[in-house]
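Just below is one structure, and these are the notes that go with it.
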Amino acid sequence: MAGYVGVLVSDPWLQNQFTQVELRTLKSHFNTMRRENRCLTLADLPSQMAKLKHVGENLTEKERDSFLRDSYKCLNEDVDFELFLRVYLKLQSHATARMGNNAKNSSAFLKSPTSTLLHTISESEKASYVAHINNYLGGEEFLKKFLPIDPSTNNLFEIAKDGVLICKLINVAVPGTIDERAINMKIMLNPWERNENHTLCLNSAKAIGCTVVNIGTQDFIEGRRHLVLGVISQIIKIQLLADLNLKKTPQLVELVDDSKDVEELMSLPPEKILLRWMNFQLKKAGYKKIVTNFSSDIKDGEAYAHLLNVLAPEYANPSMLTVRDPSERAKLVLEHADRMGCKRYLTAKDIVEGSPNLNLAFVAHIFQHRNGLSTQTKQISFVEKSPDETQMSREERSFRLWINSLGNSSYIDNVFEDLRDGWVLLETLDKVSPEIVNWKIATKPPIKMPFRKVENCNQVVKIGK
């Protein structure tokens, strides 16, 4: 693997428009076209590009032909791979413009691993993450010379190229994940040292729960903005949601009525617990609607107004609930949050536009700062007696991080709870010893029938023996 360089393009700008996965896919299509046509010209492309995703799906052959005739004077020109890529980008932009796909609404958390779309990043998300990095890593000795980062520039992606910043950020999100003695920290790193840092941060990101798809060390070296920002946003999200579990915040038991509901609560992902907490507080405030997402349901700012009023009534502004303009209400919400001492992860515009990532970060920070839950010992007594508290150990954490680093289909939060259906254990065995698992008799989650879980576990025991 040390000698692998991927598909290279002589123009650095053109190279940076694609991931290696996309370049390999497009190279394969291009080679097929050359074999079929022997001499491939611009005039051949409208029909040949029908099989390409996005371009072929959203533009007819006639539309592609018309666009190329308007863009190029001579259609008899021979097409090499770089010209093919340029034509693809132009057609892709044309198709996107026709669909009315606005770049400012792009999300950094969710990217299709197989799509070949023109990659964009949200400037407001980048600015928010840069502010977070400046705040939490400003005291790091090695990074002092690079921080604070100017959010109006792309310096973030330059600084992230050696892998040190990402590794440090992972340790802020989940302390102790990386032994910092393993990080190569020098002003000038050779390619091998830099590659070691990138491998370390990618494996560690997977171990703490990040979804790392179609990203490799070369993407960090090239500063592929949408991929680097996607990893950073997931790490920050994990940090902000770290307290949303019963171990760290036992007061969350107030959200449920009995022990059965507690088990259900423990199985929920942090985002769902955050939504449940938000609706719990909104119910106290007399808010009638149920918030089901961090986008469309809070765009008007009313949910925020009620939430902050119930959490910090001493800073309440009556105008928040009476003003009709959503933008004005959003500004008042942020002013209220400032008076509470909450950091801003978004602007009034982000609230109105319903940015899911930044709204999630904002609500998570409000929870960290003031969750409004009681500390009645009677309510949390059975949580304190939970076996999870006594069974948690250094060994459990080591095994959990190792299993998550393998890139299985499911992220596990607890070795004792999340392996009961046997599926993740089967995936782990398959990673350790490929083809050892008989997938024909295995059942993939969600598994409703208990005996199916037993079958999975029986196969795990059989393979283990």
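These numbers come from the heavy atoms of this one structure, side chains and all, not from hydrogens, waters or symmetry mates.
Residues D421 and R452 fail the side-chain proximity criterion, which asks for heavy atoms closer than 4.5 Å. Residues I170 and C201 are in side-chain contact: their nearest non-hydrogen atoms beyond the backbone lie under 4.5 Å apart. Using a 4.5 Å cut-off on side-chain heavy atoms (C-beta onward), L334 and L346 make contact. Side-chain contact between L229 and Y129 is present, with heavy atoms from C-beta onward closer than 4.5 Å. Within the 4.5 Å cutoff, the side chain of L275 has heavy atoms near those of the F294 side chain. In this structure, T153 and E158 have side chains that are not in contact, with every pair of non-hydrogen atoms separated by 4.5 Å or more. The closest side-chain heavy-atom distance from F367 to L240 is not below 4.5 Å. With contacts defined as side-chain heavy-atom distances shorter than 4.5 Å, the pair V424/T428 qualifies.
Going from atom CD1 of I441 over to atom CG of L426 covers 9.0 Å, rounded to the nearest 0.5 Å. From Q234, atom CD reaches atom NZ of K206 across 12.5 Å, with rounding to the nearest 0.5 Å. Distance check, rounded to the nearest 0.5 Å: CE of M340 to CD1 of I366 gives 6.0 Å. Between the OG atom of S327 and the NZ atom of K349 there is a distance of 10.0 Å, given to the nearest 0.5 Å. Expressed to the nearest 0.5 Å, how far SG of C167 lies from NE2 of H198 amounts to 8.5 Å. Distance check, rounded to the nearest 0.5 Å: CD1 of I208 to CD of Q239 gives 9.5 Å.
Taking the six-membered ring for Trp and the full ring otherwise, F362 and Y304 have centroids separated by under 6.0 Å.
Looking only at distances, a side-chain donor or acceptor of N171 sits under 3.5 Å from a matching main-chain atom of I178. N309 places a side-chain N or O within 3.5 Å of a backbone atom of A305 that can act as its donor or acceptor partner. A distance-only check finds no donor-acceptor pair linking the side chain of K237 to the backbone of I232 [under 3.5 Å]. N197 places no side-chain N or O within donor-acceptor distance of the main-chain N or O of I183, the cut-off being under 3.5 Å. Listed for the D297 side chain is a donor-acceptor partner under 3.5 Å among the backbone atoms of T292. Formation of a donor-acceptor pair under 3.5 Å by the E125 side chain with backbone atoms of L358 is not found in this model. Although no hydrogens or angles enter the test, the distance criterion places no donor-acceptor pair under 3.5 Å between the side chain of R194 and the main chain of G163. D350 contributes a side-chain N or O that, together with a main-chain N or O of T347, makes up a donor-acceptor pair within less than 3.5 Å. Looking only at distances, a side-chain donor or acceptor of W277 sits under 3.5 Å from a matching main-chain atom of N371. Checked by atom type and distance alone, the side chain of H132 never pairs as donor or acceptor with a backbone atom of S128 at under 3.5 Å.
Contact between L241 and P270 at its shortest, heavy atoms only, is CB-CB, 3.7 Å. The shortest heavy-atom contact between I351 and I298 is CG2-O, 3.8 Å. The two residues V291 and A303 have their closest heavy-atom pair at CG2-CB, 4.1 Å. When every heavy atom of T177 is checked against every heavy atom of S204, the shortest pair comes out as CG2-CB, 4.1 Å. Here the shortest heavy-atom pairing between I149 and N134 reads N-OD1, 2.8 Å. For the residue pair K289 and N279, the shortest heavy atom distance occurs at O-OD1, 4.3 Å.
Ion pairing between E314 and R339 fails under the 4.0 Å rule for side-chain N and carboxylate O. At a threshold of 4.0 Å, the pair E193-K186 counts as salt-bridged, since one of the basic side-chain nitrogens sits closer than that to a carboxylate oxygen.
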- Message: Walk me through whether N357 and S233 qualify under side-chain contact (heavy atoms from CB on, under 4.5 Å).
- Response: CA-CA 8 Å; N357 300 336; S233 66; 5.7 Å; no
- Query: Are W423 and T443 close enough, and set up right, to give a side-chain contact (heavy atoms from CB on, under 4.5 Å), and what steps lead you there?
  - Reply: CA-CA 7 Å; W423 180 260; T443 304; 5.8 Å; no
- Message: If you apply the rule side-chain contact (heavy atoms from CB on, under 4.5 Å), what do you find for K453 with R420, and how did you get there?
- Response: CA-CA 7 Å; K453 297 179 183 180; R420 290 184 173 185; 5.8 Å; no
- Output, in order, the C-alpha distance, side-chain angles, deciding distance and verdict of side-chain contact (heavy atoms from CB on, under 4.5 Å) for E427 and W439. CA-CA 10 Å; E427 288 185 315; W439 295 110; 4.0 Å; yes
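S152 pairs in a side chain to side chain donor-acceptor pair (under 3.5 Å) with only one of the listed residues (D150, N155, N154), which is D150.
For K145 and F142, the positive end sits near the middle of the six-membered ring, less than 6.0 Å away and at most 45° from its axis.
Remark: the N359 side chain and the K299 side chain contain no N/O donor-acceptor pair separated by less than 3.5 Å.
Around NZ of K284, the count of heavy atoms belonging to other residues, nucleotides or ligands within 6.0 Å exceeds 12.
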